[in-house]
Each structure stands twice: as structure tokens, then as C-alpha cells.
Protein chains: 2
Amino acid sequence: MNEQDFLAGYDPRDYPAVAVTVDVVALTIRDGALHLLLIRRGAPPYAGHWALPGGFVQPDEDLATGARRELAEETGLGGERLRRVHLEQLGSYGAPDRDPRMRVVSVAHLAFAPDLPEPVADTDADEAIWLPVTALTSRQLAFDHGRIIDDGLERARSKLEYTPLATRFLAPEFTITELREVYETVWGHPLHAGNFHRKVLSVPGFVESTGGSTERGGARGGPRAKLYRAGDARLLHPALLRPAREETVR
Amino acid sequence: MNEQDFLAGYDPRDYPAVAVTVDVVALTIRDGALHLLLIRRGAPPYAGHWALPGGFVQPDEDLATGARRELAEETGLGGERLRRVHLEQLGSYGAPDRDPRMRVVSVAHLAFAPDLPEPVADTDADEAIWLPVTALTSRQLAFDHGRIIDDGLERARSKLEYTPLATRFLAPEFTITELREVYETVWGHPLHAGNFHRKVLSVPGFVESTGGSTERGGARGGPRAKLYRAGDARLLHPALLRPAREETVR
DNA sequence: TTGAGAACAACTCAATCTGAGAACAACTTA
DNA sequence: TAAGTTGTTCTCAGATTGAGTTGTTCTCAA
């Protein structure tokens, strides 16, 4: 039976109540470590557990708009700085028993943000914080948010391979070394600096030179690095593939 | 307030009514062309237009289960043959005005199926048919299903690059040529037979030899081809990348 | 002021991978 | 039996990759 026939002469209240929420896996890099925006829940269910920022989708807003609104509320961000955050849909989670209160389908989103100020307490006044992803165990997480976060992290690692979205973790102008550090942080292992440099500059539209340089060399020495901004490519061709991992070697 | 008190005082009806449906972009290959399972709508809105098979998610079923159920209803498939169909979540579509009757969030899924019998008329008795994707214009499609189909096709093209899912369009045993034809059909351009052969056999876990061969050579001659079955890899390393297209050359 | 160490950028080189074509045997149909 | 087709393997030049080296510019501390 399809939805259209079902809905002809519909009354929404005839059908099982389903709530639709948007949740956001917001990632940023602070102090060389990948961090995740989390809320400490003050009320049941899962009081005291960490949860993803999120909430009900409003009647007049698109899913992406709702996700961006939730992100804005939790980070206190607005305007140009909010607009620079990359936001994409991650997937929907709708196991019948994932929320003990009622049937809730959550449309999860994934956000890449440059280093941001500390999050602000929401109107709901739960504690909000950037937490290193390494500090998480799924035991501390509400609902199926551990699973959603795992999926988000894997999506993030994968997206760096074939899109230029690593630049979204950085300020508008950045050095190749900073860009490499994004990859190293998200992928979790070091890359060869020289080869990375060559590769980034050889992929059309990945980065473009600003002509400028950093004010100073590195913290412990070295020349001033050239500055780049994101290019206009939406996909990287050829891609920057992760080195094969053990599980792929078979 | 403890969890029990909270749940007791919780009224789902306090929240905006949203309907959640599952829709399926089901792809198969017939006669060397990519086909899509579509339903002809009998009733308004969009009467006479083509639409994706789909319907309400049931109170006790997961999203993926709902999608598989819709697919089963529309194809008449069951058991082992249904189980062999690859099904994954594509994304959710929830623009406030995408359905003129009420707020409907559709969780779209993507399915890869081997060549199947003609679809059966559903209980709803709308016409169901496998349609070549080249025969579609979005003008003929209901709701935002044109957009969903476009996203599904792009996802399919991309998935063939880094997963072994092309095998899901084929019978359990297949030849390298048949596998290449899947790629050519989905990607829409011919591939070099020799290089494809070399590449497929060199990727660990993509295919494994059955030891057997086809009964006959090709329709117009040639030797018998060796038979393979899908290997146990879930990802292809290294990936089978599509040749760069114009838009990527910049 | 200078020496030591660090880091950016460019280069080298061997190993590997890719694209394009050719070879050849096993099969088909006419 | 001849002619054409196809599956598979091989060849080879060009591109890409991984790993290391070099040269230079800079910071910090003696």
C-alpha cells in the first residue's frame, strides 16, 4: 500500500504518532584533537548521559534548516560564521524502541566546523561542551547516539578522501601543514608531509594560493608558510585515498 | 522527576503531526539498460504520474524493514531472492511542502536487484513497472521523486567505485564480462575489457573463482568464460575509480 | 650574535598502477 | 571449413605513489 492512497482523505490522528527530530554530529578540531559537540541531559530519559544536540523539526522548516538551527542554538553561532560550517545529512535512525517515550525517527546530520568558542547553554539549560571523541564510551551516551556518532566519524573520514571538506575545519586562509594536520587528526595517523603537499597542489580546485604567507614560522622554527584558501572543486579528482588498513588487506 | 513519572506524563500528541514513509529507488539491469521500479499513481495528487514504491513505516518495524517490505510487496519477491537484494538507506526528504496534504518525511532507500520478473500489482492495484531510467523526465514524476531518483543514481554510480555491490545486480555466479557490463550500464560508458579484468582480479576479496565455466561461449562466438562469485570484501581497496569526466577536469 | 634544531617546500628515484593496444586461443555462426 | 567474436593474458609507455633527501628560512636559547 502506498502513502498516497493511504493519505487520500487522511486524518493525521488516525495514524500512529511518530515524532521526527534532527540531531547533529558536530565535529571540530581543537588542540590537535577531534572534538564533538555534546549535551549533558538534565532530564529523563537518560538523565546525566551525553547526547547529541538536536530537537523536533519545526512544522515550517526543512530538515537541513532544523539541523542548522539546532547547531546555532547550541554553539551560539550565527551569521557568516554559522554559514561557513559544513552541514550534510548523515542518515535517519528509526528503530521502534530507540526512544522509550514514543516512536521517534531522528534525521542525523554531520557538521564540520572550524575551531569555535565554548558552546553556550541552550534555553533548555543542559550543559553543552566540546568533548574529544577519544574520551567517549557508548555507555555514557543516550539513545542510539553512540551508533550515530560512529557512523558520523566514519563518514567524516571517508569524506576527506574525495571532497575538499577538510578545509571546513580551518579558517578561510590556511597553510598546507594545517590542512595536513586535519587529515592526520581525522584519520588518526601521520601522513608524509612532502607527498601530501605535492598531492594537494596537484588536485585541481582543491586549494588556491592567496599569495600571502603566515606572519611567523612554526612555533619551534621554520620558514613562513604560504597561505591558501579553499578552491571551487566540490569533489577531489583524483581522490586522496587513505592508506590501506589491516582489515582491507585480507 | 524520575524516568517513570516522566514517561507517564508524556503525551505524544503534544508534538506536531508528521508522517514518516519509506520509499525505495530499486534498480536492476534488464537488456543491458538500467531500470527503475515505479508505480503509476491512480489518485490525486499527481494522478497519472510515476512514483517510487513506498508507504508508511509501521509502528513496530525498523526503517530498513519497512523498505524491504515495500519492495517485497511491489516485486512479489520473497525468501532467498529478496534476501539477495542489496538495500541501503539513501537519505531523508522532508521539505515542508513536498506533499500537499500534510507534513511527510520520506526516508528513501536504494536497492540493487538482479534481473527480476515483472512487478506484480500491489493490493492498491496501481500499475507497477520496471522503467528504463533513460525514459524518465522529472515532469512525469510525483512529489520530489525526481530528485530522489537523481540522488539514488548518483549514489549507485559512486557505490560501484568503492564497494563490490555491482555483483548484486547479477546472479550468484557470473563472468567478468557480465560484471563489466554492470559497470558500463550504471556508469554509462564503455570500459577497457582487458584492464577491467586485470583490476577486478587484483582487488582482494572482490570476486572468487568457482572453478566452473559457462556452458557456451558468447552469443556470437568466443571461448567459454570462467565463473566467479562475490568475494567477502565489503569495500574495494584499491577502488575502481570512474574515469575523470569533463566537469572534474576544470 | 650565533649555533642548533625545526619546518616549509621542492626535488629524486624506484616501485607500482593505469590506459591503450596487441596477441592468441576457444568458441560461434554461416 | 572459413570468418568473425570473445575471454583472457601480455606488453609497454606514461602517470602516480611512497619514501627519502636537499636547501632554505625561521625560532629559540646559549
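Chain naming here is simple, since letters A, B, ... match the order of the sequence lines and numbering starts at 1 in each.
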Quiz item: OP1, OP2 of C:dC27 versus side-chain N and O of B:R216: anything below 4.0 Å?
Solution: no
Quiz item: In whole angstrom, what separates B:R180's CZ from D:dT8's P?
Solution: 10 Å
Self-check item: A:D151 side chain to A:Y93 side chain, donor-acceptor N/O pair below 3.5 angstrom
Solution: yes
Quiz item: Are any of B:R224's side-chain N or O atoms less than 4.0 Å away from OP1 or OP2 of C:dC27?
Solution: yes
Quiz prompt | Length of the line joining A:E215:CD and D:dT27:C1', which is rounded to integer Å | solution = 15 Å
Quiz item: Between B:E178 (CD) and D:dG7 (P), how many Å, whole number?
Solution: 9 Å
Exercise. Nearest whole angstrom, please: distance from the P of D:dT6 to the CD of B:E184.
Key: 12 Å
Quiz item: Are A:F174 and A:Y228 near enough that their ring centres are under 6.0 Å apart?
Solution: no
Quiz item: Side-chain donor-acceptor pair under 3.5 Å between B:E161 and B:S158, yes or no?
Solution: no
Quiz prompt | Annotated protein contacts, base or backbone, on nucleotides 13-24 of chain C with a non-hydrogen cut-off under 4.0 Å, one of B, S, - each | solution = -----BBBB---
Quiz item: Under a 4.5 Å cut-off applied to non-hydrogen side-chain atoms, are A:H197 and A:T177 in contact?
Solution: no
Quiz item: Taking C-beta and beyond as the side chain, do B:W50 and B:L36 meet within less than 4.5 Å on heavy atoms?
Solution: no
Exercise. Report yes if the side chains of A:P164 and A:L236 come closer than 4.5 Å at any heavy-atom pair, otherwise no.
Key: yes
Quiz item: Hey, does A:R30 have a side-chain heavy atom less than 4.5 Å from the side chain of A:H35?
Solution: yes
Quiz item: Rounding to a whole Å, what distance do you find between A:K226:NZ and D:dT24:P?
Solution: 15 Å
Exercise. Please state how far atom OH in A:Y228 lies from atom P in C:dA9, giving the value in whole angstrom units.
Key: 6 Å
Practice problem: For A:A193, report the nucleic acid contact type (base, sugar-phosphate, nothing); a contact means any heavy atom under 4.0 Å. | Solution: nothing
Quiz item: Any idea which of D:dT5, D:dT9, C:dA10 is nearest the B:R220 side chain?
Solution: D:dT5
Exercise. Please report, rounded to the nearest Å, how far the P atom of D:dT11 is from the NE2 atom of B:H197.
Key: 17 Å
